[in-house]
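All remarks here apply to the structure that follows.
Both ligands and their constituent atoms are indexed starting at 1 by order of listing. From a predicted model like this one, the values you see are computed outputs, not experimental measurements. Numbers here simply count residues along the sequence, with the first being 1.
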Amino acid sequence: MIVDRIWSGNDYRNFHYLIACPESGEALAVDPLEWRLCHAEAKSRGWTITQILNTHEHRDHTGGNSGLVGATGAKVLAHADAASRIGGVDRGLKKGDVIKVGRTVELECLDTPGHTRAHICLFSHADQPALFCGDTLFNAGAGNCHGGGHPELLYDTFVNQLAQLPDATRVYPGHEYLARNLQFTLDREPDNRDAADLLERRGKDDPAASIVTTLADEKRINTCFRLHSPTVIARLREAFPDLGEHPEGRSVFIKLRELRNRW
Ligand SMILES: [Zn+2]
Ligand SMILES: [Zn+2]
């Protein structure tokens, strides 16, 4: 499996991905809003885009479908429950479905509600596992819930699904928000050396060269995976005095999500 990350250069800070089979040259495009960039990149690598996958129904993920279908004839795949809102979907997906790309690539569909109620993440079980997580998980952050989702669902997705994947999983989110999210981590957890180091190492803003994190990295720098950190809890209790001394992970997650909304 070859993963080609394409920086959109747009104001939404989208990342697009081409997932290609090295043997057949067939490729799947994930959320190709700036579809001309994806089309040009595929051409330059000698690949044919045969499938488009939308992680969810938001326009900043689906807006390139018709252009790319027009240029390539690719089939559109999306969560079955989002298909009617997206339109033009050829294959509705549910949890556990497998998407094949060419002869060598298999991607498993995870049903990951929270950012929206019908959100798909793609997981690759390859030697180096990979997760294409749309607006569910960002580098050092999580998607918001005001576009049709719910923080309780997002918590369940994080704890019961994402946190259970292998630590070596490479994380491929739908947007580049790393610096801002690291600043939030440091606001919540000023003693988080990993977050401080990464923010410094990151240096000048060049999203096209932004690092690809693993889930092991995320567990160190992403407050959504650090619900039992004593510093996170102590700082949160300053903002929410009603939170007990030993709050449940669920309450911590929901309060963090709430704080991040207005931060
Ligand atoms: Zn979204
Ligand atoms: Zn988005």
>> Check for me whether R250 meets the cation-pi criterion with Y155, that is, NZ or CZ under 6.0 Å from the six-membered ring centre and within 45 degrees of the ring axis.
In response: no
> Taking the inter-plane angle between the rings of H61 and H56 on a 0 to 90° scale, is it parallel (under 30°), tilted (30 to 60°) or perpendicular (over 60°)?
Replying inline: tilted
> Are any of the side-chain heavy atoms of V3 and Y172 separated by less than 4.5 Å?
Replying inline: yes
> By residue and atom, what protein N/O/S atoms are less than 2.8 Å from the Zn ion (ligand 1)?
Replying inline: H56 NE2, H58 ND1, H115 NE2, D135 OD2
> Applying ring-ring contact (aromatic ring centres under 6.0 Å, His included), which residue pairs with at least one partner in residues 195-241 are found, sequence neighbours left out?
Replying inline: F158-F225
> Could R260 and F184 be counted as a cation-pi pair, given that NZ or CZ must be under 6.0 Å from the ring centre and within 45° of the axis?
Replying inline: yes
> S229 side chain to V232 main-chain N or O, any donor-acceptor pair under 3.5 Å?
Replying inline: yes
